[in-house]
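Numbered from 1 within each chain, the chains take letters A, B, ... in sequence-line order. Below, each value reflects all heavy atoms present in this structure, side chains not excepted, and no hydrogens, waters or symmetry copies.
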There are 2 protein chains.
Amino acid sequence: MARHKTFDEREALDAAMHEFWLRGYEGTSLQDLETAMGLTRTSIYNAFGNKRELFNRVLEHYQQTVMAALLAELDSGAGLKTGVERMLNRMIDLHFSEETPGGCLVVLSVLEREQHDATSTRALEQTMAAMQKGLQQRIAKAQQTGEIDAGQDARALALSIVNTMAGMMVLGKAGFSKTALRQVARNAVRLLQC
Amino acid sequence: MARHKTFDEREALDAAMHEFWLRGYEGTSLQDLETAMGLTRTSIYNAFGNKRELFNRVLEHYQQTVMAALLAELDSGAGLKTGVERMLNRMIDLHFSEETPGGCLVVLSVLEREQHDATSTRALEQTMAAMQKGLQQRIAKAQQTGEIDAGQDARALALSIVNTMAGMMVLGKAGFSKTALRQVARNAVRLLQC
DNA sequence: GATTTTTTATACCGATCGTTACATATACTC
DNA sequence: GAGTATATGTAACGATCGGTATAAAAAATC
């Protein structure tokens, strides 16, 4: 009977996710991953295949954890504006949290697209497109209930919110303060009320 | 009497700028730079010092060329809203131009801050802070002339514009269309009119 | 033409990269 | 305890990294 793995895959993915999130794909060496995951490279290769496949798993993990938490805030129940506000503020809190590297793994990876193959790039683009479409659907629904002015362009508003999310991650990395990001978030919500 | 350099420094900087803009700092090898600049590494080292110093010169060059062109649009004379609109549209055109890599060198470099030393990081942060302060001053002036509602927070508006600029560069790299980015730009200008 | 100074070219350095080959360890069944 | 299958550990691979040493080329003056 075979030996069982002595590590927790989810914890290992968490650790790898933090490294890629902090340093980017090529900026993260196998040595960095070994240290963070507490595994040797042969164990990493055995469990995940290669660096690229590990990254793709990490991206899924990011969507299922970090991004899912953002969507949970968006759908927290008190209306779209409140949901958007809560989601943007959660992103800000996450950025300034000592438990995460700051910024966004997807945003960083999209900008480092030269380092990624077609599979990773497609996954990244689809992630952002899905966020935009999800926002658009929620805005359209809020227009039906009368919470958002039906005269506004739902797609344009959704694009602006996604744009705000991406921009905030950049400003956060550029050293702008939490107060500054909160002002950006408030202005994004104001756009929904115009 | 000494031999003269046989290359044009400005053209060399342009070429290096395109490489760093496309691939990022560590993603750009000396080999890439040699090919793009048409120089051997000993000439690059002779003229610029080392890779880090070349990058810092490239950043200055980017500010003096690409970013100066954006500011020229901002200050093109027909009022702040028109100026902001022209600047944002110029960024979009630049992103989709076949002559440039797309995205923004400053935004990319800020996100890749793990790859940069304190000098480069400070220069990058100061670049974005200067843009925000420049916008804030122009907004305050437009409030004095009555073009912008004096009740609006100039700093918050400036932050939102800078955020929009950064976000658009990310969305551009994420594969969103020119039409989509134009909608984001329009919404940013609408915020000035609220 | 010789000399000087500087530029450019070529080869090489030590370090690190992602990955693989091979060895060792170990969990589990019989 | 032996055997099997799998996990983990160690060493090494070829390639590439940024940078340096040395050689060759060339512009300009004398």
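Residue A:Ser120 is tested with A:Glu125, A:Arg113, A:Arg52 for a side chain to side chain donor-acceptor pair (under 3.5 Å); the sole match is A:Arg52. With B:Met91 as reference, B:Met169 is the one residue of B:Met169, B:Met67, B:Arg86 to meet the side-chain contact (heavy atoms from CB on, under 4.5 Å) rule. Here the options are A:Ile148, A:Val162, A:Leu135, the test is side-chain contact (heavy atoms from CB on, under 4.5 Å), and the partner is A:Leu157; only A:Ile148 passes.
Counted by atom type alone, A:Asp32 and A:Thr35 present zero donor-acceptor pairs between their side chains at under 3.5 Å.
For the pair A:Glu19 CD and C:dG18 C1', the computed distance is 16 Å after rounding to whole Å. Per the geometry, CD belonging to A:Gln31 stands 14 Å off C1' belonging to C:dT19, to the nearest Å. In this structure, CD of A:Glu26 is placed 18 Å from P of D:dA15, rounded to the nearest angstrom. As a whole-Å value, the separation of B:Tyr45 OH from D:dT22 P is 17 Å. Atom CZ of B:Phe7 is separated from atom C1' of C:dT6 by 12 Å (rounded to the nearest Å). When the C1' atom of C:dT6 is taken as reference, atom CG of B:Asn46 falls 8 Å away, rounded to whole Å. In this entry the distance linking CZ of B:Phe48 with P of C:dT8 reads 11 Å, nearest Å. Here D:dT20 presents its C1' atom at 12 Å from CG of B:Leu30, a figure rounded to the nearest Å.
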Report all interatomic pairs (protein N or O, nucleotide N or O of nucleotides 22-26 of chain C) with separations under 3.5 Å.
from   : atom 1 : to     : atom 2 : distance (Å)
C:dT26 : O4'    : A:Arg3 : NH1    : 3.1

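In this structure, B:Arg52 and A:Gly38 both approach DNA chain D, and ranking their closest nucleotides by distance from the 5' end singles out A:Gly38.
Distance alone, capped at 3.5 Å, places no donor-acceptor pair between the B:Glu147 side chain and the B:Gly79 backbone. Panel note: side chain B:His95, backbone B:Lys178; no donor-acceptor pair is recorded below 3.5 Å.
Scanning atom types as modelled, one donor and one acceptor separated by under 3.5 angstrom connect the side chain of B:Arg41 and the base of D:dG19.
Relative to the six-membered ring of B:Phe20, B:Lys51 misses at least one condition, a distance below 6.0 Å or an angle of at most 45° to the axis.
Proximity note for B:Ser43 (side chain, C-beta onward) versus D:dC17, C:dT8, C:dC17: the nearest is C:dT8.
For C:dA9, one of the phosphate oxygens OP1 or OP2 lies less than 4.0 angstrom from a side-chain nitrogen or oxygen of B:Thr40.
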